[in-house]
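So that the names make sense, note that chain A is the first sequence line, chain B the second, and so on, each numbered from 1.
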Amino acid sequence: MTSALPEKYDPATLEPAVTQKWLQQKAFGATPDARENRYVVMMPLPNVTGALHMGHAMDNVMQDLLIRWHRMQGDNTLWMAGTDHAGIATQSVVEKRLKEIEGRTRHDIGREALVERIWAWKEQCQTRIVTQQQAMGCSCDWDRTRFTMDAVCARAVRHTFFRMFRDGLIFRGNRLVNWDCALQTAVADDELYKETVQGKFHYLRYPVANPQAGEPTHVHVATTRPETMLGDTAVAVHPDPAGALEQAIAEQQARVAAATPKERADAERELERLVERRTSVVPHLVQVAAMARAGRKVVLPLLGREIPVVCDTWADPTLGTGCVKVTPAHDPNDYAVWQRHPHIGAVNMMQPDGSIGAAGGVYQGLDRFEARKRILADLDKAGLLERIEDRAMEVDHSDRSKTVVEPWLSRQWFVRMADVEGGILMGRGTAKEFRSPGLAQAALDATNGTLPSLPGGKPRAQVQFHPDQDRYRKMYDQWLAEKRDWCISRQLWWGHRIPVWRGDMPVHKLLALEPVLGSALQRDDIAAWVVTDDGKRWSPAEAFVALRQPGSPAAVEVQICFRDEAQDAQLGPMLQGAGLALDPDVLDTWFSSALWPHSTLGWPNPTTAAVDAGQSPMVTPDGTSVLDYYYPGSCLVTGRDIITLWVARMVVTGLYNLGDLPFRDVFLHATILDGKGERMSKSKGNGIDPLDIISRYGADALRYIVCELQTGTQDIRLPVQAISPFDSEERLIDLATAKQGPFVGTYVDPKTGKVFDLVGLYQKEGFAQARATSDRFAVGANFCNKLFNAARFAFLNVEGCTFRPLDRATLPLEDRWVLSRLQAAVTTTQAQLCDYNPSAAIGTLREFFWNEFCDWYLELVKPRFRPEADPAGAAVARQVLAAVLDQSLRLLHPFVPFLTETLWTRLDELAPVRGIETPFAPSKLLVHAQWPAGRPAWSDAAAEEQVRAVQQWCVAIRETRSRYQVAPKVRLECRIAAEGAVAGVLEAAAALLCNMAGLSSLTVASGATRTADSATVVVGGARAYLPGVVDLDKERARLRQQADKLRGQIEGLARKLSNEGFLAKAPADVVAKERASLEAMQSQLATLEESLRELG
RNA sequence: GGGCGUUUAGCUCAGUUGGUAGAGCAACAGCUCGACAAGCUGUGGGUCGCAGGUUCGACUCCUGCAACGCCCACCA
């Protein structure tokens, strides 16, 4: 069977056939074997929130590039694929659609129905994602694909939670969280974004309770969120307002003194403002501070609750009124005040849905924004609203629901990231066990090379960031250094349920249970804690002792976690009988993705991992597990936006569970932006589907461009147009200027005013689906077309090629040259890939293949394939051609795998054995072919030098022809006046030059003379005459122009070389180089001048 | 407010340790010559954001400024 190529390059038919072939042959499967060298990449698992966009394409292509490159280098290569359930993100997408399309909320349909819909959505997304990845050529081991909520991952989550819980690293605390009132869940700091809103700053007056003579009757406070006053538990004032203000004034004076003229005015204005407060504010504050010390109170307006005045340095006499209302349950700073003054207490005035709770008195039930209006109106009526100022504010919004988040006091689960007393045992029970001060510290040590050595004394590996180690490590370090506790509970319906049974229990009941519980709780698959209201935490054994002491609390909370899920069913009923219930919350999605590098490999026990039907086993017949073989991995490829969210957490859990890093290298690729410079994202609806690009340009073109775009750390702006679905003729709509439509990912066509759908999610709603396109990818398609056609030409000529050992020294010039250039390309490409520079690597290959191989070599060898040419020469040319094509296909394969694989098959049919001195290693599939090694022996400086001369002459002659508009078909006679080495080279290469420059004959003689109608071509110090090209005026002008340009350059160089400073201080080799180049120019100028004299 | 990044041809971007600026696309002129018009051949185009400094010499190093972007913190 032959695989003859079609006449035209057509990726749309070629690529699916290749995909099918790869998948059928399971070409990407990974199985542990005897090889020591392995290469493992864990795919940054896409969320099942929609289709992939170009940002994912970048991520996937970079990984595939590295994977294919390493696979060809002979590494045992695993690329693990999979998807993330993405708790809040997925649930909110499904909820949003429910709202948009059906106008219903999750509460309308209920928990079960919603979860069911999310599963259906997940299946749909996952199918689409895998389709997209396979269309892009991702060479993942598809038989090991995981999902963060599948049985294998779920078990790892469970075990990790259990271990951390048992180690006391997971705890439940009453903390202020960012509350999303729309989704009704806590969200992490990094799930927030800022938005500037026009808000108002309200000055309120709180009456003093029973004011005494000489005391102010009111205390003034200011707030942007007046409704939070319902939760106020104190008013704070600085303990020493006068002193604090004086200090601020002194600091400002110093600033004025040091200010640049430009800053001075502002600094002085600020100083004046502060000085003015000495009289306008401080006397009042001093009185208030005295009242605070006297234990005086103020009356909370509207509610009539008396609240204390406290002294706290949080209240800043330089700002606002100098006094602050304290709302511990709804403001992080006020929360801190509460921690310093526990007696003031905290009042949570808000319900989970953002409405006012029971503490809000008559305002109960109102939405917070409605309550704000009513409260302001009522305060105004009571004469307690001093004034209102407009003010622009940066307000936190939830990334998922796009609504304002509220700081909200609630009980949540946390992972302790800070150092703990006695440290933490990392990798417990493994050979790599070590002790770390804390989880965050372990991750910091991992990038600083300060992890303790392995038990044998060998130093541990260190995480390295590429391509800018310093910059990205700084980001990572800065974030981790805060060691902030990680809030892991989410009040969602979609995710891993928190596996803790808990409930309040009267102490006498707990103590009565000791005989039963005592022994059970010592098992190593059960962990339990007893927690008191005031935050004490005891192990059960400690609790049984402590709770018998006098003064112990009457009730405590009991928390129990089982290591294995099955125990929930077995022992749950008993716990329920004792008044405990399974925590209703689910885990933060990052908790499961943090485990990805080992959960996917079957940790904690690959032998018993419940893989899906049809998947590859986790353990080979000889007993090697994928976890042992493939962990730790090699390289993590991702965008810099999740260094903190994900990278750091994977390092933490890898060290904690296994005592070893999940990867050594982190490759951070560029971010893809849209035409407006905004990051592509699913939630913004500006992400374009790689399949749209593929359908127009092909996956190889997409990959080529994505590689070319990845230069270093530069973000990539990708202007995108939609192809109008409303016209029969193609019409492009610029997405940077088109207005957004009603739903995410829909836009309005400016011409027809009709809405179209770019993300393909609203067909059912009747919106026409539009494909996106970007002409940037045409460049990639052009390259593929060139590759295709060059190969086609080669195939016309290599048929019947047989291998016989060639002696390079005897090969014709052009053959030695192309092998030398190939060798250079191999070495350079390898270095650039090692350097994580795909753009440079594909640039090198393009340059070699197109500008050297196609433009010169193919043209140079063509004569040898003509029927009248020497058959022996043709045979050698065939062999060299096949060999260079072979190596080129291998080199290009990681970049443009589909086309190269297709061409490889054909090449194998036409010339099964290829090589120069010895045959290259064969392979049926290019995927598994051996990567070209550098062959220093193929470097041939002499051949390169000679071909360079041919090229220079050729270009110079072509330029002359072009200037005189000599038709390409017209073959010119050429006489070159040259001697010595130059003449030798030209004589040897005369045939090549005639062929390339369209010459009928070439004579090289020291005494060559021009005819009257000759054009003159000057290269270096030699001259060529092209008779028959007459126009003496034009010729003179041309030569003069050349000479003038040269004179300018010579003048500059001469000036430099006459500069004594340069001669004295510049390195000798630089001076020598400049001298040589000056001499060369002078020689060429002399020749030009002589030519001009000849013309008269 | 703190930290980081970017600014080079009309566009998108390269430019490794300082030695007079490169590519692709676009533009212009000419080519249907047996692989390729998604191509071939040739041409034009830049005060390297601005101002100083170091140096014999600065796109490159230092300082300041401007514009744009990102991250972190804060905002009663």
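Here the separation of G22(B) from G44(B), taken at their C1' atoms, is 16 Å to the nearest Å. Separation of the C1' atoms belonging to U20(B) and G57(B) is 10 Å when rounded to the nearest angstrom. C48(B) sits 16 Å from C11(B) when the P atoms are compared, rounded to a whole Å. A gap of 11 Å separates the C1' atoms of U60(B) and U16(B), to the nearest Å. Here the separation of A21(B) from A14(B), taken at their C1' atoms, is 11 Å to the nearest Å. The gap from the P atom of G69(B) to that of C61(B) amounts to 24 Å, rounded to the nearest Å. Remark: the separation of the P atoms in C62(B) and G24(B) is 32 Å, to the nearest Å. Between U8(B) and C59(B), the distance separating the two C1' atoms is 7 Å to the nearest Å.
Set against A73(B), C75(B), G19(B), the side chain of N333(A) has C75(B) as its closest nucleotide. Here A38(B) is the nucleotide among A38(B), G24(B), C72(B) with the atom lying nearest to any side-chain atom of N782(A). Among the nucleotides C75(B), A38(B), C72(B), the one closest to the side chain of A781(A) is A38(B).
Scored by the ring-ring contact (aromatic ring centres under 6.0 Å, His included) test, W953(A) finds no partners at all (sequence neighbours excluded). When the salt bridge (charged side-chain N to carboxylate O under 4.0 Å, His left out) test is applied to E389(A), the partners found at least two apart in sequence or on another chain are R387(A). For the ring-ring contact (aromatic ring centres under 6.0 Å, His included) test, no residue two or more places apart in sequence or in another chain qualifies with F848(A). Applying the ring-ring contact (aromatic ring centres under 6.0 Å, His included) rule to F777(A) yields no partners; only residues at least two apart in sequence or on another chain are considered. Partners of K483(A) under the salt bridge (charged side-chain N to carboxylate O under 4.0 Å, His left out) rule, at least two apart in sequence or in another chain, are D419(A). Here T318(A) pairs with D316(A) under the side-chain hydrogen bond (donor to acceptor under 3.5 Å, both in side chains) rule; sequence neighbours left out. Scanning for ring-ring contact (aromatic ring centres under 6.0 Å, His included) contacts around Y206(A) gives an empty result, with sequence neighbours left out.
Within a 6.0 Å radius of CD in E1060(A), other residues, nucleotides and ligands contribute 12 heavy atoms or fewer.
T224(A) comes within 4.0 angstrom of the backbone, heavy atoms only, and of no base. Looking at heavy-atom distances under 4.0 Å, V1070(A) makes contact with a base. Across all strands, R846(A) comes closer than 4.0 Å only to sugar-phosphate atoms, never to a base (heavy-atom distances). As judged by a 4.0 angstrom heavy-atom cut-off over every strand, R484(A) is placed among residues touching the sugar-phosphate backbone only. Residue contacts shown for D316(A) include a base, since a base heavy atom lies under 4.0 Å away. Counting any heavy atom pair closer than 4.0 Å across all strands shown, L1053(A) reaches a base atom. Across all strands shown, E1051(A) has no heavy atoms under 4.0 Å from either base or sugar-phosphate atoms.
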Residues 1070-1077 of chain A side chain polar contacts: donor-acceptor under 3.5 Å, at least two apart:
residue: E1074(A); atom: OE2; partner: K1056(A); partner atom: NZ; Å: 3.2

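Not a single donor-acceptor pair under 3.5 Å links the side chain of S962(A) to the backbone N or O of R958(A). Looking only at distances, a side-chain donor or acceptor of H330(A) sits under 3.5 Å from a matching main-chain atom of P407(A).
Atom OH of Y9(A) is separated from atom C1' of A35(B) by 16 Å (rounded to the nearest Å). The distance between atom CG of L899(A) and atom C1' of A38(B), rounded to the nearest whole Å, is 13 Å. Atom C1' of nucleotide C33(B) and atom CG of L858(A) are separated by 16 Å, given to the nearest angstrom. The distance from atom CZ of F865(A) to atom C1' of C33(B) is 18 Å, rounded to the nearest whole Å. Across the protein-nucleic acid pair, F795(A) atom CZ and C36(B) atom P stand 15 Å apart, rounded to whole Å. Atom CZ in R225(A) sits roughly 14 Å away from atom C1' in C74(B) (whole-Å rounding). When rounded to the nearest whole Å, the span between CG of N837(A) and C1' of A14(B) equals 9 Å. Taking atom CD of E7(A) as the reference point, atom P of G39(B) lies 18 Å away to the nearest angstrom.
Map T318(A) and N797(A) each onto its nearest nucleotide of RNA chain B; the residue landing nearer the 5' end is N797(A). RNA chain B is contacted by both K1056(A) and R963(A); K1056(A) maps to the nucleotide lying nearer its 5′ end (nearest heavy atom per residue).
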Pair F788(A)-L899(A), side chain to side chain contact (heavy atoms under 4.5 Å, CB included): steps then yes or no: CA-CA 7 Å; F788(A) 177 87; L899(A) 178 54; 4.0 Å; yes
Verdict with reasoning, D700(A) to E15(A), per side chain to side chain contact (heavy atoms under 4.5 Å, CB included): CA-CA 8 Å; D700(A) 282 328; E15(A) 290 175 359; 3.7 Å; yes
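A heavy atom lying under 4.0 Å from RNA chain B marks the following residues of residues 784-794 of chain A, by number: N785(A), K786(A), N789(A), A790(A), R792(A), F793(A).
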Which dot-bracket string fits RNA chain B when only Watson-Crick or G-U wobble pairs with both atom distances under 3.5 Å count, crossing pairs get [ ], and | stands for a partner on a different strand? (((((((..((((.....[..)))).(((((.......))))).....(((((..]....))))))))))))....
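No cation-pi contact links K862(A) to Y857(A), judged by a cut-off of 6.0 Å to the six-membered ring centre and 45° from its axis.
Dashed line: the shortest gap from a side-chain N or O of W850(A) to OP1 or OP2 of C40(B) is under 4.0 Å. One finds no side-chain N or O of K8(A) lying less than 4.0 angstrom from the OP1 or OP2 phosphate oxygen of A35(B).
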Protein heavy-atom contacts under 4.0 Å, written 5' to 3' over nucleotides 27-32 of chain B as B (base), S (sugar-phosphate only) or - (none), form the string ----S-
Protein-proximity profile, nucleotides 3-13 of chain B, B/S/- by nucleotide at the 4.0 Å heavy-atom cutoff, equals SSSS-----SS
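Residue K325(A) is tested with T233(A), D331(A), D334(A), D232(A) for a side chain to side chain donor-acceptor pair (under 3.5 Å); the sole match is D232(A).
Using a 4.5 Å cut-off on side-chain heavy atoms (C-beta onward), V405(A) and H397(A) make no contact. With a 4.5 Å cut-off on side-chain heavy atoms, F853(A) and V818(A) count as touching.
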